[in-house]
Structures are given as structure tokens and as C-alpha cells.
Amino acid sequence: MELVNLKDASEQVTFAAAVKQGLGKNQGLFFPKVLPKFDDIDTILAMPFIERSIEILTALIGDELPRETVAGIVKRAFEFEAPLVKVTDNVYSLELFHGPTLAFKDFGGRFMAQCLVEISDGKPITILTATSGDTGAAVAHAFHGIDNINVVILYPKGKISLLQEKMFTTLGDNIHTVAIEDDFDACQQLVKSAFDDPDVREGLHLNSANSINISRLAAQVCYYFEAVSQLSEAERNDLVISVPSGNFGNLTAGLIAKVMGLPVKHFVAGTNLNDTVPRYLKTGEWSPKDTVATLSNAMDVSQPNNWPRIEAMIEQGLVDKSLISGDTVDEEYTQVAMRQLAQLGYVSEPHAAIAYKALVRKMEEGQTGIFLGTAHPAKFRETVENVLGQPISLPKPLADCAGKEGLSAELPNDYQALKAHLFSLLG
Ligand SMILES: *Cc1c(COP(=O)(O)O)cnc(C)c1O
């Protein structure tokens, strides 16, 4: 796979380099120079999930990695299902939360970890990342127990839910977690300082594992095919997919699937009050506001970092702008949607509920709709119990870690203190 830096077309890299590097020069995102297209989509859709995913990722990555290598990565990364669950006659939920940390980020996180195992040739790497919740858990579990890769996760002390914290601070081994006595922005700033510091960047072979990594998007393309494969042929003819969006990585992957030949008529990008994209699609003006806190906190993003990739696909004529509509679901309607879903017999959490609401607002007569269930409702237990007025039980992965001891170090918001800590752990 050849990739181009969207901010500097003179920088062209391989898939392996893009996975190791994350971002290009001037903070530019990498995007494939050419996207493959399947001629016989029905044959692809008829395959089982793992085989089909190997086919898709081999087509995307090209001959840079041998097919057996890709197959090994896929088999180790995708050890759980993505079932399509019927909610009404013509609306389905694609449940992406059956992985170890109960969120769709397991797909991208685990695929990226296994790619790094293959392309780093056993050379030591340090993954340094900041999290406000879900990403930390997915990255920690994806890399836990992998030789020669150490993970350091910074998070704001006391500012994430206890259950979320337990999901990534109780693993130990090669997973090191640090509670920073400040907010999430401070954690991100510390990570940036480390990447700007050659002693640390080169001394510890840093990699960020954040959501702009191309390997994460490539992995996510696979479950869009899996969703459509579970529909009848009639239902595939006029299909709308609704994506709860924050950084817009998930929607980018959906659009790539469409370019590769997946039959999708329309995409809906559902956001919470952080609605930069829906406003942009309506007015043509890009005017981010201050980020506001909502019930769907994994989507509290006002400057979505994957949008330039979607913009590039539109500019290159790969997708038409009219393929995507935006919809903003406010806090009240997020709760309304959760209650409506519960009445239909489907317990959901705020992110998926936003996608559901946005979907039914945009669907037309005769269409089939899929909304993406990006997290297990138990991950947002408090909100779900408050809104629905009914208790929900903890699934095994959450129950297991809830009783374990957290292993985090605590540090002030001070770069020199972090640097000393990193070298004492890993130097
Ligand atoms: C990360 C996340 C999202 C947003 O996905 P993007 O790819 O950033 O748009 C939606 N829902 C949940 C539960 C998430 O964790």
C-alpha cells in the first residue's frame, strides 16, 4: 500500500512506515494513493468474517505483507463477533462491543497491535498515549503481554469513571499507567512534549497508537462488510448506515468500504452537541466551537481529526458529498432515543442511541437502516440506569476487573517528572 501525506504530497510511505509513524510531516494524515475495488461483491459477502477480512485487508495492504502474515494478524486480532441485531422490521444495530473492552475500538486497537508485532521485527517499541477513557482500555488490552512492546498510558486523575479506570490500570506486566494530577488536555500536552523530546522519542522508540493510525481504519472497514453480509439481498438494495461520530474515524472506514464496492446508498453522521461536521455539511463553513461535555462523552470532539481524510475522498471524486448527511442529536433527544429503543426491547447507551435517532430521522420509505452500536451499555452503566430507570448487570470483562487493584503511578503535571518516570520504567 502506498500512502500520501495529505498535507505534503511529496511524502509517500509504505503501510509499515505509516503504521509505525502515525502522522506525517506537518501533522499530515496518511491516506492510500489508490483504493482497491472488488468486482464481484457478492462472492466477498458470501465469505465467513475472518476469511473475508483477510481478503479485504490483503486487497488494501497490497503485496507489501505476504497473505499469510495478514491472515495471522487478522486471526489474532478479530477473535470476537460483530452481530447484526434486529431492532424493528427495517432497522438493525451492528453490535461492535463484543471484544475484550466492550467497545468498537477493540477492532482497530488489536489489529494495530498485531501489525506492529509483524513489522517491528522484535525491536523494542514504547507506545505512549493519553486517554479520556475508551481508547486507553482498548490499547492496553490489545498490547498486553506482547513481547518488546511497552505501553504507557496517561489519564487525568479522578476524571474518568472508576470502571473505565479499572479496565486498563489493573493489567500490569508491559502495561504502565500514570494518573496525572490535572485534566485530559494536560495529559495530551505531556505526550506531545515527549514526542518533541529526541531523548525520549529516539531513546524509547515512541509510537502513539492514536486514532489517526491508518491500521485502525483499515481494520474497521471489515465490519461494514460483515454488517451487509448479514442482510438479505433485498435489504442490501437500499441501505442507510448511521455512524455515531466524534473523531470521524469510523465514518472514514465506512466510506472506504463503499469505495471498495460495498452497496450502501447513504451514510448518516450522527453527532452530539459537538456538531462541527453537521453544521459544515449544511452551510459549507468550518467553524468549530468550544467542546461541550455530553452524555456521549467519547464523541465530545469539536475538531474531528479524521475529517481531512473524508474531505480528500470527496475532492478526489471517490465519494460524492451528497452520500453523507449530518444530524445533531441534543441531550434530551439522546435520552428520548434510549427510551424508545428500550421500548422496542433494545437496551442501548448514549452513543448508539444518537446513531439510532439520526438514522430514523433520515431514513426514507422502503429503506433498510443500520446504526452502529459502538459500546456495551454497561460501559455507561450510570447514565443508562438513570435514563431507563432499570438496573443493568456487568458483563464478565467489566465484572472481572472491577474487583482488582489499580496499579497506576501518580504524577504531577510536570514533564521532567514524567521523563524521569519513563526512564526509570523503561530506560
Ligand atoms: C470513539 C467512540 C466513538 C466515536 O468514533 P470516531 O471514530 O471517533 O468517530 C463513538 N462511540 C464510542 C462508544 C466511542 O468510544
Side-chain angles (χ1 to χ4, degrees), residues 29 82 93-112 129-142 155 160-161 163-164 167-168 184 209-221 223-224 241-257 267-278 291 294-310 324 326-329 334 337-338 348-359 371-381 383-384 398:
L29 298 169
S93 166
L94 179 67
E95 294 191 343
L96 300 172
F97 49 74
H98 297 284
T101 73
L102 309 174
F104 81 98
K105 291 190 171 78
D106 283 328
F107 282 95
R110 291 173 66 86
F111 183 73
M112 178 177 172
T129 193
T131 187
S132 55
D134 276 354
T135 305
V139 168
H141 281 260
Y155 65 99
I160 64 178
S161 85
L163 266 179
Q164 266 184 330
M167 275 205 112
F168 64 92
F184 175 63
N210 69 11
S211 70
I212 46 80
N213 198 288
I214 194 72
S215 61
R216 294 181 45 160
L217 292 186
Q220 290 174 247
V221 171
Y223 56 65
Y224 283 91
I241 298 185
S242 178
V243 185
S245 297
N247 267 323
F248 282 76
N250 215 350
L251 182 67
T252 307
L255 296 173
I256 292 174
F267 285 92
V268 182
T271 71
N272 60 28
L273 292 172
N274 298 290
D275 61 347
T276 307
V277 168
T291 307
T294 72
L295 294 170
S296 48
N297 58 31
M299 305 186 339
D300 291 347
V301 180
S302 56
Q303 312 227 32
N305 60 15
N306 267 294
W307 188 259
R309 286 180 165 137
I310 295 179
I324 314 162
D327 192 49
T328 308
V329 180
T334 301
M338 286 170 68
S348 193
E349 50 71 45
H351 306 79
I354 284 178
Y356 168 74
K357 193 78 213 161
L359 176 69
F371 63 97
L372 303 195
T374 43
H376 192 290
K379 279 199 105 165
F380 297 89
R381 187 184 193 181
T383 305
V384 175
L398 271 177

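When a ligand or atom number is given, it counts from 1 through the structure's own listing order.
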Student: Among Ser93, Ser242, Pro244, find the residue that satisfies the side chain to side chain contact (heavy atoms under 4.5 Å, CB included) test when tested with Leu372.
Tutor: Pro244
Student: Working to the nearest 0.5 Å, report the span between OG1 of Thr334 and CE of Met299.
Tutor: 7.5 Å
Student: Counting C-beta onward and ignoring hydrogens, is there a side-chain heavy-atom pair between Leu217 and Ile212 closer than 4.5 Å?
Tutor: no
Student: Measure centre to centre between the rings of Phe97 and Phe104, then say whether the value is under 6.0 Å.
Tutor: no
Student: Will you find, in the side chains of Ser302 and Asn274, an N or O donor that is under 3.5 Å from an N or O acceptor?
Tutor: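 Short answer, no.
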Student: Protein residues near ligand 1, heavy-atom distance below 4.0 Å?
Tutor: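 Residue list for ligand 1: Phe104, Lys105, Asp134, Pro244, Ser245, Gly246, Asn247, Phe248, Gly249, Asn250, Ala298, Met299, His351, Thr374, Ala375.
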Student: Aromatic contact between Tyr155 and Phe184, with the criterion being ring centroids under 6.0 Å apart: yes or no?
Tutor: no
